[in-house]
Student: 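Here it is, the structure, as structure tokens.
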Amino acid sequence: MSLSVQHLSFSYGARRVLQDVSLDVAPGTFCALLGPNGSGKSTLVKAIAGVHRAQSGTVTVEGRRTSSLGRRELAKVVGYVPQAGDAPFDLTVREAVMLGRTPHFGIAPRAEDRAKVEDAISRMGLEDIAERSMSELSGGQAQRALIARALAQDTRVLLLDEPTSALDLRYQIETLQLVRQITREEGISALIAIHDLNHAARYCDQIVVLHGGRLVADGSPAEALQASVLRTVYEVDVQVETREDGVEVRPRVDAHGMTLTGSRLADLEERHEAVPR
């Protein structure tokens with residue numbers, strides 16, 4: 001198993017954000033991490049990446065506990081793509097991508113390192129802006145540069161924290177297709193925190209759903225994206241359709257074009273449960 005998280009818990013002071021979370025992501029698997037705002041998605045990604053230190057639990061990559069690895073060794077096996085707001089703005093795009101190679105060379109980059117950087121820049125379509133400063137880029141361009149940096153890092157686990165949130169539709173699709181391709185061809189484990197349920201269902205092999213800091217679903221898109229789970233987690237009345245080409249989630253609308261949400265949905269479900277069977 002490339003990535004294994006066992007009984008991981010994390011708190012910000014007295015506020016518990018993650019509670020006893022366990023999951024495995026096999027080699028060659030692209031896993032989506034779903035959940036509403038505040039469910040703990042970004043915190044879990046950062047805890048796995050070593051940005052946050054968990055209060056309890058373990059993270060292992062190919063059988064090695066990440067807590068036992070130094071920063072340089074950890075960076076050789078775990079690549080982390082933060083949200084675009086965390087970009088290194090005082091560097092050019094090429095320099096920012098080269099940061100992904102620093103765990104692999106000594107004083108100066110080798111020809112191999114430069115080749116990895118150019119390949120990552122090409123894969124993310126950044127050739128025309130490679131010499132521009134990160135501070136001049138749009139949020140979407142900066143996000144693509146951060147993904148390129150992680151690709152150049154050449155790790156066994158790739159962690160992405162909402163990398164498509166600043167991208168337009170074309171680059172959302174291209175990025176998800178690229179990560180899926182790399183995951184399968186290179187046999188790595190990729191975990192992406194994402195909001196779009198249908199993008200997750202379309203491009204990911206595994207779905208993990210968090211709610212209130214706890215894992216409430218883990219499986220294939222058809223297994224994890226159950227309407228009853230999604231109604232509870234997102235407080236929206238949805239219907240889930242499983243077809244030969246995948247799973248589609250969409251809001252359920254009434255005759256007036258309205259979708260039940262929040263307390264109105266809870267009231268309806270409470271009345272439904274009260275009806276004798």
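Every value quoted in this text rests on a predicted model; they were computed, and no experiment measured them. FYI, the numbering just counts along the sequence from 1.
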Student: Is there a side-chain contact between Q206 and S220 in this structure, where contact means two heavy atoms from C-beta onward sitting under 4.5 Å apart?
Tutor: no
Student: List the residues meeting side chain to side chain donor-acceptor pair (under 3.5 Å) with D113, not counting sequence neighbours, and say none if there are none.
Tutor: R101, R110
Student: If we ignore hydrogens and angles and just use 3.5 Å, is the side chain of K41 paired with the main-chain N or O of A193 as donor and acceptor?
Tutor: no
Student: Does a side-chain heavy-atom distance below 4.5 Å link V45 with L33?
Tutor: yes
Student: Would you call L158 and L191 a side-chain contact if the rule is heavy atoms closer than 4.5 Å?
Tutor: no
Student: Counting C-beta onward and ignoring hydrogens, is there a side-chain heavy-atom pair between L159 and V81 closer than 4.5 Å?
Tutor: no
Student: Would Y203 and I173 satisfy side-chain contact (heavy atoms from CB on, under 4.5 Å), going step by step from the backbone distance to the final call?
Tutor: CA-CA 9 Å; Y203 296 105; I173 292 171; 3.3 Å; yes
Student: If you take all heavy atoms of A217 and V229, which pair is closest and at what distance?
Tutor: CB-CG1, 4.4 Å
Student: Regarding N198 and E248, is there a side-chain donor-to-acceptor distance under 3.5 Å anywhere?
Tutor: no
Student: Name all pairs fulfilling the salt bridge (Lys or Arg N to Asp or Glu O under 4.0 Å) condition that reach into residues 173-182, sequence neighbours left out, sorted by first residue then second.
Tutor: R170-E174
Student: Give, for atom CG of L8 and atom OG of S22, the distance between the pair rounded to the nearest 0.5 Å.
Tutor: 8.0 Å
Student: Atom CD of Q181 and atom CZ of R123: how far apart are they, to the nearest 0.5 Å?
Tutor: 6.5 Å
Student: Find the distance between CD (Q19) and CZ (F10) and round it off to the nearest 0.5 Å.
Tutor: 13.5 Å
Student: Has R250 got more than 12 heavy atoms of other residues, nucleotides or ligands less than 6.0 Å from its CZ?
Tutor: yes
Student: Run the side chain to side chain donor-acceptor pair (under 3.5 Å) test against T58 and tell me which residues pass, sequence neighbours left out.
Tutor: none
Student: Any non-hydrogen side-chain atom of V21 less than 4.5 Å from a side-chain atom of S9?
Tutor: no
Student: Please, which pairs that meet side-chain hydrogen bond (donor to acceptor under 3.5 Å, both in side chains) have at least one residue in residues 28-40, sequence neighbours excluded?
Tutor: N37-H195
Student: Measure across P221 and C204 and return the closest heavy-atom pair with its distance rounded to 0.1 Å.
Tutor: CG-O, 3.6 Å
Student: Only counting residues at least two apart or in another chain, list the ones meeting side chain to side chain donor-acceptor pair (under 3.5 Å) with R202.
Tutor: none
Student: If only atom types and distance count, is the side chain of R72 paired as donor or acceptor with the main-chain N or O of T102 below 3.5 Å?
Tutor: yes
Student: For side-chain contact (heavy atoms from CB on, under 4.5 Å), just list the numbers for L176 and I194, CA-CA rounded to whole Å, side-chain angles, deciding distance to a tenth of an Å, and then say yes or no.
Tutor: CA-CA 11 Å; L176 291 169; I194 189 171; 4.2 Å; yes
Student: Do L230 and V240 come close enough that some side-chain heavy atom pair is under 4.5 Å?
Tutor: yes
Student: Please check: side-chain N/O of S68 versus main-chain N/O of R64, any donor-acceptor pairing under 3.5 Å?
Tutor: no
Student: Set out, in order, the CA-CA distance, both residues' side-chain angles and the distance that settles side-chain hydrogen bond (donor to acceptor under 3.5 Å, both in side chains) for T60 and R65, then state yes or no.
Tutor: CA-CA 4 Å; T60 59; R65 286 197 180 192; over 6 Å; no
Student: Please identify each residue that fulfils salt bridge (Lys or Arg N to Asp or Glu O under 4.0 Å) with R184, with sequence neighbours left out.
Tutor: D205
Student: Working note: T175 + I147, criterion side-chain contact (heavy atoms from CB on, under 4.5 Å); need CA distance, chi angles, decisive distance, verdict.
Tutor: CA-CA 9 Å; T175 297; I147 296 171; 3.6 Å; yes
Student: Counting only heavy atoms not in D168, do more than 12 sit closer than 6.0 Å to its CG atom?
Tutor: yes
Student: Which other residues end up in the same hydrophobic cluster as L167, if Ile, Leu, Val, Met, Phe, Trp and Tyr are linked when side-chain heavy atoms come under 4.5 Å apart?
Tutor: Y171
Student: Using a cut-off of 6.0 Å, state whether more than 12 heavy atoms not belonging to R156 lie near its atom CZ.
Tutor: yes
Student: Under a 4.5 Å cut-off applied to non-hydrogen side-chain atoms, are L151 and M124 in contact?
Tutor: yes
Student: I want to check something: taking the side chain as every heavy atom from C-beta on, are I182 and I188 in contact at a cut-off of under 4.5 Å?
Tutor: yes
Student: What heavy-atom pair brings P82 and Q143 nearest, and what distance separates the two atoms?
Tutor: O-NE2, 3.0 Å
Student: Please check if the number of heavy atoms outside R243 that lie under 6.0 Å from its CZ is greater than 12.
Tutor: yes
Student: Just how far is it from atom CD1 of I207 to atom SG of C31, taken to the nearest 0.5 Å?
Tutor: 7.0 Å
Student: Please round to the nearest 0.5 Å and tell me the distance separating atom CG of D161 and atom CG of L146.
Tutor: 11.0 Å
Student: Hey, is CZ on R53 packed in by over 12 heavy atoms from elsewhere, all under 6.0 Å?
Tutor: no
Student: What pairs with D20 under salt bridge (Lys or Arg N to Asp or Glu O under 4.0 Å), at least two apart in sequence or on another chain?
Tutor: none
Student: Listed by chain and number, what are the side chain to side chain donor-acceptor pair (under 3.5 Å) partners of Q239, not counting sequence neighbours?
Tutor: R252
Student: Are F105 and V97 in one and the same hydrophobic cluster, where Ile, Leu, Val, Met, Phe, Trp and Tyr link if side-chain heavy atoms are under 4.5 Å apart?
Tutor: yes
Student: Sequence neighbours excluded, which residues qualify as salt bridge (Lys or Arg N to Asp or Glu O under 4.0 Å) partners of E118?
Tutor: R94
Student: Go through the structure and list residues passing salt bridge (Lys or Arg N to Asp or Glu O under 4.0 Å) with D154, not counting sequence neighbours.
Tutor: K116
Student: Between V233 and V216, does the side-chain contact (heavy atoms from CB on, under 4.5 Å) criterion hold? Intermediate values first, please.
Tutor: CA-CA 9 Å; V233 169; V216 296; 3.9 Å; yes
Student: Is there a donor-acceptor pair under 3.5 Å between the side chain of S138 and the backbone N or O of Q141?
Tutor: yes
Student: Taking the side chain from T92 and the backbone from E95, do they hold a donor-acceptor pair closer than 3.5 Å?
Tutor: yes
Student: Could you state the interatomic distance from CG (L74) to OG (S67), rounded to the nearest 0.5 Å?
Tutor: 10.0 Å
Student: With distance as the sole criterion, is a donor-acceptor pair present between the side chains of Q6 and S4 under 3.5 Å?
Tutor: yes
Student: How would you list, by chain and number, every residue that makes a ring-ring contact (aromatic ring centres under 6.0 Å, His included) with H199, sequence neighbours excluded?
Tutor: none
Student: Judged by atom type as modelled, is there a donor-acceptor pair below 3.5 Å linking the side chain of T183 to the main-chain atoms of S189?
Tutor: no
Student: Hey, are T43 and Y12 close enough side-chain-wise for a donor-acceptor pair under 3.5 Å?
Tutor: yes
